[in-house]
Peer 1: 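I'd like to ask you about the structure that follows.
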Amino acid sequence: MTTHIEFVPLATFIGIMVFTPGPNNVSSASMGLNFGYRRSMPYIGGLLVGTFAVTFLSGCFSGALVTLLPQVAGWMRWFGAAYILWMAWGVLQTSWTVDEAASLKPLGFLRGLLLPVVNPKLFICNVTLFTTFLSPVAGRPLPLLLVVGMLSVVDFTAISLWAFSGTALGRYVEGGRVRGIVNAILALLLAYTAVSLFRM
C-alpha cells in the first residue's frame with residue numbers, strides 16, 4: 001500500500017476507466033441520439049449519483065471488498081450482464097420504432113441510478129483505484145469525499161461528451177433507417193460490454 005499518490009499513473013487509469021466505451025457512456029450516447037441532451041439529464045443525474053455512491057462506499061470499504069468481491073463476483077457478473085443486456089434490448093427496440101420516437105420515453109433517474117449499482121466492473125475498477133492508486137485516502141471519509149467529488153466532475157465530463165456526441169449525431173441523422181442502424185450499433189456495444197464482464 002503506497003503512502004503517496006502517483007498522479008500520472010492515476011490520471012491514465014482514470015482516463016481509461018471513465019472515457020472509454022462502457023455501459024454508462026454508451027447508454028448516454030443512445031439517450032442523446034434519441035432524446036437530446038436536455039431530456040437525457042435525469043438519466044445522467046442517476047448515473048452520476050449511483051457512481052458517486054458506489055465509488056465513495058468502495059473507498060470506505062476497499063479492504064473488505066478485496067475479500068468479499070471474489071465470493072460475490074460471479075453473481076454480480078450475471079446480474080449486471082442481465083441488466084445491461086436488458087438495456088441493450090431497449091436500445092435495439094428503438095432501432096425499429098424510430099418513426100414513433102415521439103411516443104418513446106427517455107430512461108429516467110432511477111434507471112440511471114441502478115446501472116452503476118449492478119455493474120461489477122465498476123466495483124472491480126474501484127478496488128483497483130483505492131488499493132493501488134488512492135490508498136492514502138481510502139477509509140478516510142473527508143479526503144475521500146473530496147477525491148470522489150473530483151472524480152464525479154471527470155465522470156460528468158465523460159458522460160456529457162458521449163451524450164453530446166449522440167445528440168450531435170442525431171441532428172445529422174434525419175432518416176429513420178440510418179438512426180435505426182446507429183441504435184443497433186449502440187445496442188451491440190452494450191451487449192459486448194455485458195459479455196465482456198465475464199472476461200474480467
Peer 1: Do S135 and T131 have side chains that get closer than 4.5 Å, going by heavy atoms?
Peer 2: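 Result no, sub-4.5 Å side-chain heavy-atom pair not found.
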Peer 1: With sequence neighbours excluded, what pairs up with S27 under the side chain to side chain donor-acceptor pair (under 3.5 Å) test?
Peer 2: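 S27 satisfies side chain to side chain donor-acceptor pair (under 3.5 Å) with Y43 only.
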Peer 1: Answer yes or no: is there a side-chain heavy-atom contact under 4.5 Å between T20 and N25?
Peer 2: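 SC-SC contact between T20 and N25 ruled out.
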Peer 1: Spell out, as yes or no, whether a donor-acceptor pair under 3.5 Å connects the side chain of T128 to the backbone of I124.
Peer 2: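 Checked: pair present.
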Peer 1: Please set out all donor-acceptor pairs under 3.5 angstrom arising from side-chain atoms of residues 142-157, sequence neighbours excluded.
Peer 2:
residue, atom, partner, partner atom, Å
S152, OG, V148, O, 2.9
T157, OG1, V153, O, 2.9

Peer 1: My understanding is that only residues two or more places apart in sequence, or in another chain, count here; which of them pass side chain to side chain donor-acceptor pair (under 3.5 Å) with S160?
Peer 2: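 Counting only residues at least two positions away or on another chain, S160 forms a side chain to side chain donor-acceptor pair (under 3.5 Å) with Y37.
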Peer 1: Report the residues that fulfil side chain to side chain contact (heavy atoms under 4.5 Å, CB included) with P141, sequence neighbours left out, ordered by chain and then residue number.
Peer 2: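 Partners of P141 by the side chain to side chain contact (heavy atoms under 4.5 Å, CB included) criterion come out as none, since no residue qualifies.
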Peer 1: List the residues meeting ring-ring contact (aromatic ring centres under 6.0 Å, His included) with F13, not counting sequence neighbours, and say none if there are none.
Peer 2: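 So F13 forms a ring-ring contact (aromatic ring centres under 6.0 Å, His included) with F133.
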Peer 1: Partners of F52 by ring-ring contact (aromatic ring centres under 6.0 Å, His included), sequence neighbours excluded?
Peer 2: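 For F52 there are no ring-ring contact (aromatic ring centres under 6.0 Å, His included) partners, ignoring immediate neighbours.
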Peer 1: Any chance you could measure F130, atom CZ, to C60, atom SG, to the nearest 0.5 Å?
Peer 2: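 Reported to 0.5 Å precision, the distance equals 8.5 Å.
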Peer 1: Decide yes or no for Y192 and P21: does some side-chain heavy atom of the first lie under 4.5 Å from some side-chain heavy atom of the second?
Peer 2: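 A side-chain contact under 4.5 Å is absent here.
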Peer 1: Calculate, to the nearest 0.5 Å, the distance between atoms CG and OG1 belonging to L115 and T51 respectively.
Peer 2: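 Interatomic distance, L115 CG to T51 OG1, rounded to 0.5 Å: 7.5 Å.
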Peer 1: Do you know which two heavy atoms are closest between L189 and V26, and how far apart they sit?
Peer 2: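 Shortest heavy-atom separation between L189 and V26 comes out as CB-CG1, 4.0 Å.
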Peer 1: Following the transitive rule for hydrophobic clusters with a side-chain heavy-atom cut-off under 4.5 Å over Ile, Leu, Val, Met, Phe, Trp and Tyr, establish whether I16 and L161 coincide in one cluster.
Peer 2: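 Not linked; separate clusters.
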Peer 1: If I compare all heavy atoms of M31 with all of R39, which pair ends up nearest, and what's the gap?
Peer 2: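 M31 and R39 have their closest heavy atoms at CE-O, 4.4 Å.
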Peer 1: Minimum heavy-atom separation for A158 to V18, with atom names?
Peer 2: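 Where A158 meets V18 most closely, the heavy atoms are CB-CG1, 3.3 Å.
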Peer 1: With rounding to the nearest 0.5 Å, note down the distance linking OG in S40 to CZ in F164.
Peer 2: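 So the gap between those two atoms works out to 9.5 Å.
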Peer 1: Rounded to the nearest 0.5 Å, what separates atom CD1 in I44 from atom CG in N24?
Peer 2: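 Rounded to the nearest 0.5 Å, the CD1-CG separation comes to 10.5 Å.
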Peer 1: So if you build clusters from Ile, Leu, Val, Met, Phe, Trp, Tyr with side-chain heavy-atom gaps below 4.5 Å, do F7 and F19 land together?
Peer 2: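 Yes, F7 connects to F19 through the hydrophobic network.
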Peer 1: Where do L47 and S28 come nearest, in terms of heavy atoms and distance?
Peer 2: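 Scanning both residues, the minimum pair turns out to be CD1-OG, 3.4 Å.
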Peer 1: Under 4.5 Å side-chain heavy-atom separation, chaining through any Ile, Leu, Val, Met, Phe, Trp or Tyr, what else clusters with F109? Say none if it is isolated.
Peer 2: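 Joined to F109, directly or through intermediates: V49, L110, L113.
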Peer 1: Do F35 and L107 pass the side-chain contact (heavy atoms from CB on, under 4.5 Å) test, and can you show the C-alpha distance, the side-chain angles, and the key distance before you say yes or no?
Peer 2: CA-CA 10 Å; F35 305 105; L107 302 177; over 6 Å; no
Peer 1: What's the spacing between N126 CG and T55 OG1 if we round to 0.5 Å?
Peer 2: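 One finds 4.0 Å between CG of N126 and OG1 of T55.
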Peer 1: Working to the nearest 0.5 Å, report the span between OG of S58 and CG of L134.
Peer 2: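 S58 atom OG to L134 atom CG measures 12.0 Å (nearest 0.5 Å).
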Peer 1: Test your reading of the model: is there a side-chain donor-acceptor pair from N34 to the backbone of S30, 3.5 Å cut-off?
Peer 2: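 The answer is yes, because a donor-acceptor pair under 3.5 Å joins these two groups.
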